[in-house]
Amino acid sequence: MSTPPRGGTWSARACPVRPLNDRCLAPYPEGWLALTAEGFVRITDDDQWLIGPVVLPEERDVERNDGPDRPRGPALHASPDGRFAAIVSDYGQYGTVVDLDEWVTVRHLDRDWNDNEWTRFPFAFLDEEKFVAATDWNRLDVFESATGRLLTERTTTREDNPEHYLGYFLGALHPSPSGRALLLTDGWAWHPVGIPLVIDCAAWLAGDRHAPEHGRHLADRDDVWDTPIAWLDEHTVALQGPDGVDLREAATGRRTGMFAGPVGRMWGHGGLLYVAAEAGLEVWDPAEGARIELLEGFTPIAHNDGTFAELRNDQLRTWTTAR
């Protein structure tokens, strides 16, 4: 049984920074990066300052089928070294990658309009040098962060390469802790089945050109996708659904556990599962399928290596685990 977290470190200070939504605060070296109405804001333990204004990608005005839980809006991503940031439109079509040091646009992103209102924009920084993004409703590509240069040229259309055609609507991306595998959390296939996939990025970049088109299916979930998901470690994925959390082995898709209870955005750290629930931050022991701690009234919107951050009412509160 995992040892429950004991203590941890709290901090709180005044911080009049207001992210555009709860997807607009990202980990940043020695602090956090926020996307606000004024632009990019860097936040440290004792200060915050505006890096510069930013123009959000303008979405086309098309008829959409939004449900109440899928509002279109910006999401912020930051590279591990803090040099690059990306703004993408969740449940939308466009995005932009910016070099914050040089203050130039690295790449404009476009994933096509086909049913994009049903999934978050597929984007992730793999490391300080590369990012991966959707370039069509069913295609991912890797780019060099400093230049925006495409690194994964290939043919994937049904007409020109039927063997490697992917009939799958891509969703939000989550790199594994090492960045070796990439999880597509909310992808789906007609009609409609949620199918989380794992792609071997190391093999892809080493020469397996069509690794994204032949990812491993973790599960088939009838009419369920766009739900919270987290890596517990390099080998295990936690999938949240209407009946609880399903634990899957990334290499095989084999179910290794299941338990009911968690509802809310999830992060994995130190073998435990952290859930931003309605009552506060819940800590779950996946091995026992039990909640072992509740930080009542604390609802973080970002996580960085064991530190969780909540930014609301002009106050920044963080909690760092003791393990």
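Keep in mind that this is a model prediction, so the values were computed, not measured.
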Tightest non-hydrogen contact, residues Val198 and Ala181, listed as CG1-CB, 3.8 Å
Would a distance-only check, ignoring hydrogens and angles, find a side-chain to backbone donor-acceptor pair under 3.5 Å from Asp81 to Arg83?
yes
According to the interplanar angle, ranging from 0 to 90°, do the rings of Trp267 and His303 count as parallel (below 30°), tilted (30 to 60°) or perpendicular (above 60°)?
tilted
Applying side chain to side chain contact (heavy atoms under 4.5 Å, CB included) to Glu129 and Glu144, what does each step give before you reach the verdict?
CA-CA 6 Å; Glu129 299 176 351; Glu144 186 178 68; 5.9 Å; no
Using side-chain hydrogen bond (donor to acceptor under 3.5 Å, both in side chains), reason through Ser89 and Glu59 one step at a time and then give a plain yes or no.
CA-CA 8 Å; Ser89 181; Glu59 292 288 324; 3.2 Å; yes
Worked verdict on Tyr168 versus Trp137 for side chain to side chain contact (heavy atoms under 4.5 Å, CB included):
CA-CA 8 Å; Tyr168 178 87; Trp137 62 275; 5.6 Å; no
What heavy-atom pair brings Gly167 and Ala189 nearest, and what distance separates the two atoms?
O-CB, 3.8 Å
Please answer whether the main-chain N or O of Asn116 pairs with a side-chain N or O of Arg111 as donor and acceptor at a distance below 3.5 Å.
yes
Is there side-chain contact between Thr135 and Leu140, with at least one heavy-atom pair below 4.5 Å?
no
Can you see whether Ser79 engages Glu128 through a side-chain donor-acceptor pair at a distance of less than 3.5 angstrom?
no
Dump the intermediate steps for side chain to side chain contact (heavy atoms under 4.5 Å, CB included) on Phe169 and Trp118, then the final yes or no.
CA-CA 9 Å; Phe169 294 86; Trp118 295 105; over 6 Å; no
Hey, any chance Phe84 and Phe121 share a hydrophobic cluster, counting ILVMFWY side chains that come within less than 4.5 Å of each other, even indirectly?
yes
Following the transitive rule for hydrophobic clusters with a side-chain heavy-atom cut-off under 4.5 Å over Ile, Leu, Val, Met, Phe, Trp and Tyr, establish whether Leu150 and Val88 coincide in one cluster.
yes
Examine the side chains of Thr157 and Asp160 and answer whether a donor and an acceptor come within less than 3.5 Å of each other.
yes
Can you check salt bridge (charged side-chain N to carboxylate O under 4.0 Å, His left out) on Asp141 and Arg154, steps first, answer last?
CA-CA 9 Å; Asp141 278 300; Arg154 67 201 188 282; 2.9 Å; yes
Separation of Glu293 CD from Thr321 OG1 (nearest 0.5 Å):
10.0 Å
Measuring from atom CD of Glu159 to atom OG1 of Thr156, what distance do you get when rounded to the nearest 0.5 angstrom?
10.0 Å
Would Arg139 and Glu213 count as a salt bridge (charged side-chain N to carboxylate O under 4.0 Å, His left out) if you check the C-alpha gap in whole Å, the side-chain angles of each, and the deciding distance to 0.1 Å?
CA-CA 8 Å; Arg139 175 176 170 132; Glu213 285 73 59; over 6 Å; no
When you measure from the side chain of Thr318 to the backbone N and O of Phe308, does any donor-acceptor pair fall under 3.5 Å?
no
Listed by chain and number, what are the side chain to side chain contact (heavy atoms under 4.5 Å, CB included) partners of Val104, not counting sequence neighbours?
Asp99, Glu102
Rounded to the nearest 0.5 Å, how far does CZ of Arg72 lie from CZ of Arg120?
14.0 Å
Give the minimum heavy-atom separation between Gln240 and Val263, together with the two atoms involved.
OE1-CA, 3.4 Å
Separation between CG of Leu126 and CZ of Arg180, rounded to the nearest 0.5 Å
12.5 Å
Any donor-acceptor pair under 3.5 Å from Arg209 side chain to Glu153 backbone:
yes
Distance alone, cut at 3.5 Å: any donor-acceptor contact between the side chains of Thr299 and Arg317?
no
Short question: side chain of Arg18, backbone of Thr36 - any donor-acceptor pair under 3.5 Å?
no
Would a single hydrophobic cluster contain both Ile292 and Val245, if residues Ile, Leu, Val, Met, Phe, Trp and Tyr are joined by side-chain heavy-atom contacts under 4.5 Å?
no
Can you tell me how far the CG atom of Leu25 sits from the CD atom of Glu310, to the nearest 0.5 Å?
11.0 Å
Does any non-hydrogen side-chain atom of Ile87 lie less than 4.5 Å from one of Val54?
yes
Per the side chain to side chain contact (heavy atoms under 4.5 Å, CB included) rule, which among Leu33, Val41, Val98 passes with Ile51?
Leu33
Does NZ or CZ of Arg158 lie under 6.0 Å from the centre of the six-membered ring of Tyr165, at an angle within 45° of the ring axis?
yes
Would you confirm whether Glu234, through its side chain, and Ser176, through its main-chain N or O, come within 3.5 Å as a donor-acceptor pair?
no
Smallest separation among heavy atoms of Glu117 and Tyr91, with atom names:
O-CD2, 3.3 Å
hydrophobic_cluster_shared for Leu100 and Leu20, side chain cutoff 4.5 Å
yes
Are side-chain heavy atoms of Val17 and Leu311 found at a separation under 4.5 Å?
yes
Check for a donor-acceptor pair, side chain of Thr105 on one end and backbone N or O of Arg107 on the other, with a separation under 3.5 Å.
no
Correct closest heavy-atom pair for Ile229 and Ala238 would be CG1-O, 3.1 Å
Are the side chain of Asn21 and the backbone N or O of Pro74 linked by a donor-acceptor pair below 3.5 Å?
yes
How many angstroms lie between atom SG of Cys15 and atom CG of Asp46, to the nearest 0.5 angstrom?
11.0 Å
Flag for Thr320-Thr307: side-chain donor and acceptor within less than 3.5 Å
yes
Please give me the minimum heavy-atom distance between Thr227 and Arg221, naming the atom from each residue.
OG1-NH2, 2.9 Å
Is it true that a side-chain atom of Asn138 and a backbone atom of Leu166 form a donor plus acceptor pair closer than 3.5 Å?
yes
Might you work through the ring-ring contact (aromatic ring centres under 6.0 Å, His included) test for Phe259 and Trp284, ending with a clear yes or no?
CA-CA 10 Å; Phe259 56 95; Trp284 287 77; 5.7 Å; yes
Taking atom types as modelled, is there a side-chain donor on Gln93 or Asp110 under 3.5 Å from an acceptor on the other?
yes
Decide salt bridge (charged side-chain N to carboxylate O under 4.0 Å, His left out) for Arg70 and Asp226; before the verdict, give the C-alpha distance in whole Å, the side-chain angles of both, and the deciding distance to 0.1 Å.
CA-CA 9 Å; Arg70 292 186 172 97; Asp226 193 30; 3.5 Å; yes
Residue that, paired with Val237, satisfies side chain to side chain contact (heavy atoms under 4.5 Å, CB included) out of Asp246, Leu247, Leu218, Thr185
Leu218
Leu173 and Leu184: side chain to side chain contact (heavy atoms under 4.5 Å, CB included), yes or no, with the steps?
CA-CA 5 Å; Leu173 307 179; Leu184 284 64; 3.6 Å; yes
Do Gln48 and Arg13 have side-chain N/O donor and acceptor atoms under 3.5 Å apart?
yes
So the ring pair (Phe, Tyr, Trp, His ring centres under 6.0 Å) pairs with at least one residue in residues 214-245 (sequence neighbours excluded) are His164-His214, Trp188-Trp225
Please state whether the rings of Trp10 and Phe298 are parallel, tilted or perpendicular, taking 30° and 60° as the class boundaries.
perpendicular
Answer yes if Leu50 and Leu76 sit in the same cluster of Ile, Leu, Val, Met, Phe, Trp and Tyr residues linked by side chain heavy atoms under 4.5 Å apart, and no otherwise.
no
